[in-house]
Amino acid sequence: MAAEASHPNRIAMDPSVAHGRPRIRGTRVTVQVILELLAAGETYEELLQEYDELSREDLVAALEYAASVVGGLRVPPLVA
């Protein structure tokens with residue numbers, strides 16, 4: 001497993017967008033929504049069809065971000 005996220009600039013937090021929750025930069029799609037849909041069994045391909053503003057790299061960034069939070073790494077606020 002990589003020690004460092006390979007897509008760190010894809011996640012943003014801004015109190016005025018999506019209630020400040022971590023989201024894919026330039027969208028209102030939160031990391032939580034991506035994780036919930038993947039956990040419910042949706043595939044990358046289904047998500048990319050449903051959310052045409054997302055890329056495969058965005059989905060990977062969401063997973064990397066979640067892993068860093070669960071792993072206890074300090075995640076600095078990323079305001080966009």
Side-chain angles (χ1 to χ4, degrees):
M1 179 187 299
E4 191 175 312
S6 59
H7 301 94
N9 296 325
R10 291 185 179 273
I11 305 298
M13 290 184 285
D14 182 335
S16 67
V17 180
H19 304 286
R21 293 183 178 185
R23 62 184 169 79
I24 302 302
R25 184 177 303 280
T27 76
R28 298 183 66 81
V29 181
T30 64
V31 170
Q32 179 181 356
V33 165
I34 293 169
L35 296 176
E36 287 174 349
L37 292 171
L38 289 172
E42 288 206 32
T43 65
Y44 273 25
E45 290 73 25
E46 291 168 331
L47 285 174
L48 295 173
Q49 286 179 353
E50 186 173 344
Y51 296 93
D52 60 352
E53 68 269 36
L54 296 180
S55 69
R56 185 172 217 59
E57 291 78 14
D58 292 330
L59 301 179
V60 171
L63 291 171
E64 288 176 343
Y65 178 84
S68 70
V69 170
V70 171
L73 298 176
R74 182 185 163 116
V75 179
L78 306 169
V79 178

Inset, instruction - Could you grab the distance from atom CZ of R21 to atom CE of M13, nearest 0.5 Å is fine? - result: 12.5 Å

Inset, instruction - Would you name the heavy atoms of R23 and R28 that are closest together and state the gap between them? - result: CD-CA, 4.5 Å

Identify all side-chain donor-acceptor contacts of residues 33-43 below 3.5 Å with residues at least two apart in sequence or on another chain.
| from | atom 1 | to | atom 2 | distance (Å) |
| --- | --- | --- | --- | --- |
| E36 | OE2 | Q32 | NE2 | 2.9 |
| T43 | OG1 | E45 | N | 3.4 |
| T43 | OG1 | E46 | N | 3.1 |

Legend entry - Considering all heavy atoms, the nearest A62-V31 contact: O-CG1, 3.7 Å

Legend entry - Distance, nearest 0.5 Å, that separates CG of D58 from OH of Y65: 15.0 Å

Inset, instruction - With sequence neighbours excluded, tell me which residues meet side chain to side chain donor-acceptor pair (under 3.5 Å) with T27. - result: none

Inset, instruction - Quick one: closest heavy-atom pair of S55 and L48, and the distance? - result: C-CD2, 3.5 Å

Legend entry - Nearest atoms (heavy-atom pairs only) where N9 meets R25: O-NE, 2.7 Å

Legend entry - A18 to T30 - nearest heavy-atom pair and separation: CB-CG2, 3.9 Å

